[in-house]
Visitor: 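Got a structure here, written out as structure tokens. Questions coming.
Hydrogens, waters and symmetry mates play no part in the numbers below; they use all other heavy atoms, side chains included.
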Amino acid sequence: MDEQALMGLNPNADACYRQRALAYFEQLKESLDGWEVCAQALAKGVYSDDHIKFFCFQVLEHQIKFRHGSLTAAQQQLIRETLMKWLQAQLMNVHPEKPFIRNKVAQVLALTFVMEYLTLWPKFFFDILNLVGLNPNGVDIYLRTLMAIDAEVVDRDILHSPEETRRNTLIKDSMRERCIPALVESWFQILQTYQHTHSELTCQCLEVVGAYVSWIDLNLIANDRSEHVCVSERGDCLFEIVNKGMDPVDKTKLVDSLCQVLQSAGFFSIEQEEDVDFLAKFSRLVNGMGQSLVLSWTKLSKMGDVKVSAGTLRAVEGKVPLMLQLLIHEDDDISANIVGFCYDYLHVLKQAIMLAVMNKLKYDDEYNFENEGEDEAMFVEYRKQLKMLLDRLAQVSPELLLEAVHRVFNATMQNWQTVQFMEVEVAIRLLYMLGEALPASHGAHFSGDTTKTSTLQSMMRTLIICGVSEYQHSSVTLEFFETVVRYDKFFLVEPQHIPSVLMAFLDHRGLRHSSPKVRSRVAYLFSRFIKTLYKHMNAFIEDILSRIQDLLELAPPENGVPVLLSSDDQLFMFETAGVLIVNGESPAERKQALMRSLLTPLMEAFRMLLAKLPQEANEERQAVLADCLSHAVGFASRTSKAFSNKQTVKQCGCSEVYLDCLQTFLPAISCPVQRGPLRSAVRSFLHRMIICLEEEVLPFIPAASQHMLKDCEPRDLQEFIPLISQITAKFKNQVSPFLQEIFMPLVMAIFEVLSHPAEENDQTAALEKQMLRRSYFSFIQTIASSGMNEVMASQGAENIERVLFTIIQGAVDFPDPVAQKTCFIILSRLVELWGGKDGLVGFPDFIYKHIVPACFMAPLKPTFDLSDAQTVLTLSECTLTLHMIHLKRGLECIQFLQEYLPSLQVSPEITQELCQVLQQPDVKVLKNI
């Protein structure tokens, strides 16, 4: 060999020598017989320099890797002899070769094995084992060679060509047949021999076991002979075995077998073990076994193998008692080593519960969707409990829930045509439930956290484009529309999907569905969908109105034609139509035309039905007609919900249309039959028109009020008062003349109804009177609070006094804290308006004779319950009334109290204290006393 060139192999050599050595290396590689020189040098041990030996093995490696097929049988035999002679020489060396040389030899041996095992050298392992025996230097090379063979033949991380893969499969099959038992036997002998003396060899051997265990017979490894491995102080090296990648079923078997061996050896009785170092390693091993089982369970769950994954889950749970023992151990290192398994087990628990909940949410085949009874109601309630459980899990692991739902949803949607309805329904239901489980402010599920938004967005996109809305089961159909509306803000992000969803709402899947239950729910959901996305509807408005035209018809009772939607459902449709018209980008003239075309058929039908009603003698028939008339008014009223105020009505040019409606509907309140429902409907319409038309309504109010006060029932009055209160609060002085005119007739009508005696046990009548009394006091409060004292002041002294006495009576005599509180608010306001020097004549006397006593008599009543929140508020208003009297009357009020309170058996000390507090500006002090 070129000695000068070899000098360049030294890392400290000059650059020219290193260059020459590199050239020499290339020369030997390319030479047909240059490698033989290296082989002889290695076999005879010519060189002691490590770098030259490494150089020779590199040349030999190149020859085997790239030219082995072209070598003669004699040359191939020379390679085998060279390697065995070198290996034999190592057995007698006091000091082993450097690790980098031993690794290179292992690689060369492994390459030779791969090339020759199946054909030329079938006794490869037996020759090496016979040569090295249990010599530590030889065992080291043997174990390194096994790891190098694993890298060449088994390692999944290394890519192989198809030809190499076939070759490797043949090699493994041949090894299983010929030599694996002998190899396993050698491993046990090595472990047994060196467990106390050569920790490096022990760990190397266990690493080999861990590498080979994934493809050899487990029974050869996991048996009672393994016990000695655990007895050794090298127990932590088993961690490498249990962590080796392999089939999840085989991994479960391996860990279970290993646990049985450990348990039979008594190593699970950790409370009796005093060796802390051993327990720390044992804890790490248990942690590895637990985590490996968790990983296997996760893989099996994803594969959908329910039976096998359940077995693996039981194996995980079997390790939990041991895990807890190690976790609570007083030594922190032992406890810390098991934390990973604890965390993974918690993860498994959460996943297992999630999977169980998802499975239990499904309907069964016997659920009756068309006629839901007690069993169905119980299941619906059970579903709510499961939802709460899922919500709790989401609080703990939102990412885990999102991932689980995403996986189930995508898997189901890919094959929805062939999947049972309960599977499809629950997949969409889970997506729907995420809306509450992972809440977002104002439903903004598609902004913020990128992971969540992109996943939800992806699922919504899939829901819409996969065609599942065509599924032929009402539960799936309903869940589709519920989910679309829950995530309506998705369409703000991806508006291109709006047309297809609109069609689903409008065709046989939605409003034209065969199930009345589906049609009813879809009507409501469609209304919500439109209200959220009206800004994106401009291109579709007239098409939508055309498609739903037949659903906007008032169905007269006599035609007998079955209707698609109930009157309650139609309310949503009219509201939807109103929203579309009002929020479109059409000019005001077009909006007016569309609104008129929507409302004119209602007005025409109303006139016709109203003309028939008085002529109908049959009461049941009258009720049906009145119901239909009420619906017509309700539909018109519902269209106005699209307007927020008069300005928007005017901008759309719709004032005239609604005034026409008002003129059409008002005659109904003077109808001699079915007054209750008709008046109620018209009153509701007037409430809406006061908001939408404002002062344009005022000319209609006097006549309407006059008719409504005729032949009143308690409920009629109770519903009429809020209308007058609304008018009073909104228009104030504008309606003062009208209020002055109607005030006493209204009050007298109320007194008349309240004076009628009710049967002692008639709770309904008693409640109606109580509600009417509250409405009356609320009306007086509205007038007083609006600063319209002239309405009451103009009623004459006798009428004023009568009204005031009813307020005093309400404050003291009726055990209704809601009404009492209102009465004291009124009294306080009247004192403020009339209690001064320029107030109503005679009112100061009324203050001292009736208002001040009321402030003390009310709290002294046995029915005045201070444990009731409303009563506490009443007491507060009572205090404010006293405070207002003092503000208006000053020292005169104090002098009166000093004379009045003793008559109530109040001590001089308390009287003095009350008078002093009353004179302080801070009303809180008075409230406290």
Side-chain angles (χ1 to χ4, degrees), residues 213-214 218-219 222 241-264 268 285-325 327 338 340-365 379 382-383 385-387 389-390 392-394 396-397 399-412 414-415 418-420 422-427 429-430 433:
V213 78
S214 66
L218 285 174
N219 293 320
I241 297 176
V242 297
N243 271 355
K244 188 68 179 175
M246 59 193 294
D247 178 78
V249 178
D250 290 340
K251 174 61 70 69
T252 303
K253 290 178 182 176
L254 170 66
V255 173
D256 263 359
S257 301
L258 185 57
C259 281
Q260 287 171 16
V261 170
L262 290 168
Q263 194 165 14
S264 64
F268 280 20
L285 174 61
V286 175
N287 187 70
M289 291 192 295
Q291 289 187 305
S292 294
L293 287 173
V294 168
L295 185 61
S296 296
W297 177 81
T298 303
K299 289 178 180 176
L300 290 165
S301 297
K302 287 181 179 177
M303 290 160 55
D305 196 332
V306 178
K307 186 176 180 182
V308 180
S309 66
T312 304
L313 185 58
R314 285 194 295 273
V316 174
E317 290 166 344
K319 314 301 175 286
V320 172
L322 183 61
M323 173 193 80
L324 293 174
Q325 278 185 286
L327 181 66
I338 201 72
F341 180 27
C342 295
Y343 179 81
D344 286 358
Y345 178 63
L346 281 175
H347 194 69
V348 165
L349 270 182
K350 288 181 283 189
Q351 282 185 295
I353 293 172
M354 280 182 192
L355 289 172
V357 169
M358 289 176 185
N359 190 50
K360 295 302 290 181
L361 278 168
K362 295 173 189 171
Y363 290 109
D364 59 33
D365 290 322
F379 180 73
Y382 173 56
R383 256 192 161 193
Q385 294 174 9
L386 292 175
K387 178 198 169 297
L389 186 55
L390 213 61
R392 290 290 178 89
L393 284 168
V396 179
S397 293
E399 299 84 4
L400 185 64
L401 178 63
L402 187 62
E403 179 192 344
V405 172
H406 191 199
R407 187 170 62 249
V408 171
F409 179 83
N410 279 356
T412 309
Q414 285 171 8
N415 306 293
T418 57
V419 178
Q420 287 186 301
M422 63 279 289
E423 304 279 349
V424 182
E425 190 275 343
V426 87
R429 180 73 177 176
L430 287 167
M433 289 168 77

Visitor: Apply side-chain hydrogen bond (donor to acceptor under 3.5 Å, both in side chains) to Ser296 and list each qualifying residue two or more places apart in sequence or on a separate chain.
Guide: none
Visitor: Taking all non-hydrogen atoms of both residues into account, name the closest pair between Lys299 and Pro248 and its distance.
Guide: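 Smallest heavy-atom distance, with atoms named: CB-CG, 4.3 Å.
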Visitor: Are the side chains of Asp365 and Met422 in contact, using a 4.5 Å heavy-atom criterion?
Guide: yes
Visitor: Between Lys362 and Glu425, does any side-chain N to carboxylate O distance fall below 4.0 Å?
Guide: no
Visitor: Only pairs at least two apart or in different chains count here, so list each ring-ring contact (aromatic ring centres under 6.0 Å, His included) that has a residue in residues 341-365.
Guide: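 Of all non-adjacent pairs touching residues 341-365, those that pass ring-ring contact (aromatic ring centres under 6.0 Å, His included) are Tyr363-Tyr367, Tyr363-Phe369, Tyr363-Phe379.
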Visitor: Looking at CZ of Arg429 and NZ of Lys387, how far apart are the two atoms once the value is rounded to the nearest 0.5 Å?
Guide: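 One gets 8.5 Å once the value is rounded to the nearest 0.5 Å.
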Visitor: For the atom pair CG (Leu401) and CZ (Arg392), what is the distance rounded to the nearest 0.5 Å?
Guide: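 The CG atom of Leu401 sits 14.5 Å away from the CZ atom of Arg392.
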Visitor: List in chain and number order the residues that pass side chain to side chain contact (heavy atoms under 4.5 Å, CB included) with Val408, two or more places apart in sequence or in another chain; answer none if no residue qualifies.
Guide: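 Scan of Val408 (side chain to side chain contact (heavy atoms under 4.5 Å, CB included), adjacent residues dropped) gives Met358, Thr412, Leu430.
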Visitor: Per the side-chain contact (heavy atoms from CB on, under 4.5 Å) rule, which among Leu313, Leu295, Thr312 passes with Leu300?
Guide: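 Filter result, single survivor: Thr312.
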Visitor: If you look at every heavy atom in Leu386 and Val357, which pair is closest and at what distance?
Guide: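 Closest approach of Leu386 to Val357, heavy atoms only: O-CG1, 3.8 Å.
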Visitor: Considering residues at least two apart in sequence or located in another chain, which fulfil the side chain to side chain contact (heavy atoms under 4.5 Å, CB included) criterion with Asn415?
Guide: Thr418, Val419
Visitor: Side-chain contact test, heavy atoms from C-beta onward, threshold under 4.5 Å: evaluate it for Leu346 versus Cys342 and give yes or no.
Guide: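 Contact flag for Leu346/Cys342 side chains = no.
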Visitor: For the CG atom of Leu349 and the CG atom of Asp344, what is their distance to the nearest 0.5 Å?
Guide: 11.5 Å
Visitor: Applying side-chain hydrogen bond (donor to acceptor under 3.5 Å, both in side chains), which residue pairs with at least one partner in residues 399-409 are found, sequence neighbours left out?
Guide: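 For residues 399-409: His406-Asn410.
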Visitor: Using the side-chain hydrogen bond (donor to acceptor under 3.5 Å, both in side chains) criterion, which residues pair with Gln351? Sequence neighbours excluded.
Guide: none
Visitor: For Lys360, enumerate each residue passing the salt bridge (Lys or Arg N to Asp or Glu O under 4.0 Å) test, keeping only those at least two apart in sequence or located in another chain.
Guide: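 With neighbours one apart ignored, the set is empty.
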Visitor: Going by side chain to side chain contact (heavy atoms under 4.5 Å, CB included), name the residues that satisfy it together with Lys350, two or more places apart in sequence or in a different chain.
Guide: Leu393, Val396, Ser397, Leu400
Visitor: Taking side chain to side chain contact (heavy atoms under 4.5 Å, CB included) as the definition, give me every residue that meets it alongside Ala315, ordered by chain and number, with sequence neighbours left out.
Guide: Thr252, Asp256, Leu293, Lys319
Visitor: Would you compute the distance between atom CE of Met354 and atom CG of Leu390 and round it to the nearest 0.5 angstrom?
Guide: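 These two atoms lie 6.5 Å from each other.
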